[in-house]
2 protein chains.
Amino acid sequence: MDDPRPCRDPKEQHAWAATAAGTLRVLEGKWKIVIIVQLLASDEPLRFSELERRIPGVTQKMLIQQLKELEKDGIVIRTLYPQVPPKVEYSLSELGRALTPSFQALVEWSYLKERRLEGCSVA
Amino acid sequence: MDDPRPCRDPKEQHAWAATAAGTLRVLEGKWKIVIIVQLLASDEPLRFSELERRIPGVTQKMLIQQLKELEKDGIVIRTLYPQVPPKVEYSLSELGRALTPSFQALVEWSYLKERRLEGCSVA
DNA sequence: CCGTATCCTTCTAGATACTG
DNA sequence: CAGTATCTAGAAGGATACGG
């Protein structure tokens, strides 16, 4: 495994850590990870109601709130079709899709952690 | 880039998203990412005071709180040297170090995002 | 040096009801 | 269908003081 550190100079490391942590704060929020994973897992853009259906337990308020923040941060794209009844689709931006490798790695890690918790052989 | 989805069956995708999101909740908390990045960036275990010094803005209370949770979740290891004055070192467990690829990818993504924000050529 | 204990503020999330 | 508007409870975070 490669050295994760872009630089060994302590002051640079510090700046690096701070930047990373700051940027990653856009992923904070109880439902953002699930939303992104659902959009990653889907071939096509998802309608608001479809997201709501796929994310059990979320309320409309929370869903719209987190989607708005993700949109503001340039991660998801909202497309409104001016129809009656209204139709809105959400998809990942290029920046959002660039999260793919990170999420792949995190999902693998989550499997590792789950295996550790259960202490059993899922494989 | 590979398909991030472990399975195309919708029901499996749902379970996958839920599991991942649940597990990743152990990374929630204002200071956990910074703590992990600092420990990843360091060759050696870090003393409590050293972490405090490297994470500007954190209070003792928050630092110890987040460290305790990370320890409870099996990500960091606390080692107490029974001396006077006391010495405590924190390091990453095997599970913690397994976060390396994820964090590498996330840090790269954060660079991408920052470049996007600045609209300039860092490279 | 490495924490605990208290108090206080802010932020988050959820329930519920309503609208173009 | 896809939201908005209020209200409220609780969690998270922070300031400060103290202790082994």
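All chains are named by letter (A, B, ...) in the order of the sequence lines, taking the proteins before the strands, and each is independently numbered beginning at 1.
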J.: Using modelled atom types and a 3.5 Å cut-off, is there a donor and acceptor pairing between side-chain atoms of Ser93(A) and backbone atoms of Ile77(A)?
T.: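 The answer is no, because no donor-acceptor pair under 3.5 Å joins these two groups.
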J.: Going by side-chain hydrogen bond (donor to acceptor under 3.5 Å, both in side chains), name the residues that satisfy it together with Lys32(B), two or more places apart in sequence or in a different chain.
T.: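 By the side-chain hydrogen bond (donor to acceptor under 3.5 Å, both in side chains) rule, Lys32(B) matches Glu69(B).
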J.: Any donor-acceptor pair under 3.5 Å linking the side chain of Arg47(A) with the backbone of Glu89(A)?
T.: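 No; zero donor-acceptor contacts below 3.5 Å.
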J.: Do Tyr81(B) and Leu67(B) share a hydrophobic cluster, counting only Ile, Leu, Val, Met, Phe, Trp and Tyr and linking them when any side-chain heavy atoms are less than 4.5 Å apart?
T.: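 Per the 4.5 Å side-chain linkage, Tyr81(B) and Leu67(B) are not co-clustered.
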J.: Is there a side-chain contact between Leu99(B) and Leu27(B) in this structure, where contact means two heavy atoms from C-beta onward sitting under 4.5 Å apart?
T.: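 The answer is yes, as the side chains (C-beta and beyond) meet within the 4.5 Å cut-off.
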J.: Would you confirm whether Trp109(A), through its side chain, and Thr100(B), through its main-chain N or O, come within 3.5 Å as a donor-acceptor pair?
T.: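 Answer holds: no.
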J.: Answer whether the closest heavy-atom distance between the side chains of Leu106(B) and Leu106(A) falls below 4.5 Å.
T.: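 Sidechains of Leu106(A) and Leu106(B): in contact.
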J.: Within the structure provided, determine whether Glu71(A) and Ile75(A) are in side-chain contact (heavy-atom separation under 4.5 Å).
T.: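 No, their side chains stay 4.5 Å or more apart.
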J.: Would you say Tyr90(A) places a side-chain N or O within less than 4.0 Å of OP1 or OP2 belonging to dG3(D)?
T.: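 Indeed, a polar side-chain atom of Tyr90(A) lies that close.
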J.: Taking heavy atoms of chain B and a 4.0 Å limit, find me the 5'-most and 3'-most nucleotide of DNA chain C within that range.
T.: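 Range of nucleotides within reach of chain B: dC1(C) to dT6(C).
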J.: Counting only heavy atoms not in Glu94(B) (residues, nucleotides, ligands), do more than 12 fall under 6.0 Å from its CD?
T.: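 Counting other residues, nucleotides and ligands, CD of Glu94(B) stays at 12 neighbours or fewer.
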J.: May I have the list of side-chain donor-acceptor pairs in residues 48-58 of chain A shorter than 3.5 Å, sequence neighbours left out?
T.:
{"unit_1": "Glu50(A)", "atom_1": "OE1", "unit_2": "Arg53(A)", "atom_2": "NE", "d": "3.4"}
{"unit_1": "Glu50(A)", "atom_1": "OE2", "unit_2": "Arg53(A)", "atom_2": "NH2", "d": "2.7"}
{"unit_1": "Glu50(A)", "atom_1": "OE2", "unit_2": "Arg54(A)", "atom_2": "NE", "d": "2.9"}
{"unit_1": "Glu50(A)", "atom_1": "OE2", "unit_2": "Arg54(A)", "atom_2": "NH2", "d": "3.4"}

J.: How close or far is atom P of dA2(D) from atom CD1 of Ile55(A), stated in whole angstroms?
T.: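 These atoms are roughly 14 Å apart.
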J.: When you look at CD of Gln83(A), are more than 12 heavy atoms from neighbouring residues, nucleotides or ligands closer to it than 6.0 Å?
T.: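 Atom CD in Gln83(A) is packed in, count exceeds 12.
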J.: How would you summarise protein contacts on nucleotides 10-18 of chain D per nucleotide, using B for base, S for sugar-phosphate only and - for none, with heavy-atom distances below 4.0 Å?
T.: ---BBB---
J.: In residues 76-88 of chain B, which residues come under 4.0 Å of DNA chain C by heavy atom?
T.: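 Within residues 76-88 of chain B, the residues near DNA chain C are Arg78(B), Pro85(B), Pro86(B), Lys87(B), Val88(B).
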J.: For the residue pair Ile36(A) and Leu40(A), establish whether any side-chain heavy-atom pair is separated by less than 4.5 Å.
T.: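 Yes, side chains in contact.
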J.: Using rotation axes that map the C1' atoms of four end pairs onto the next four (five pairs an end), what angle separates the end axes of the helix from dC1(C)-dG20(D) to dG20(C)-dC1(D), to 10°?
T.: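 About 50° separates the two local helix axes.
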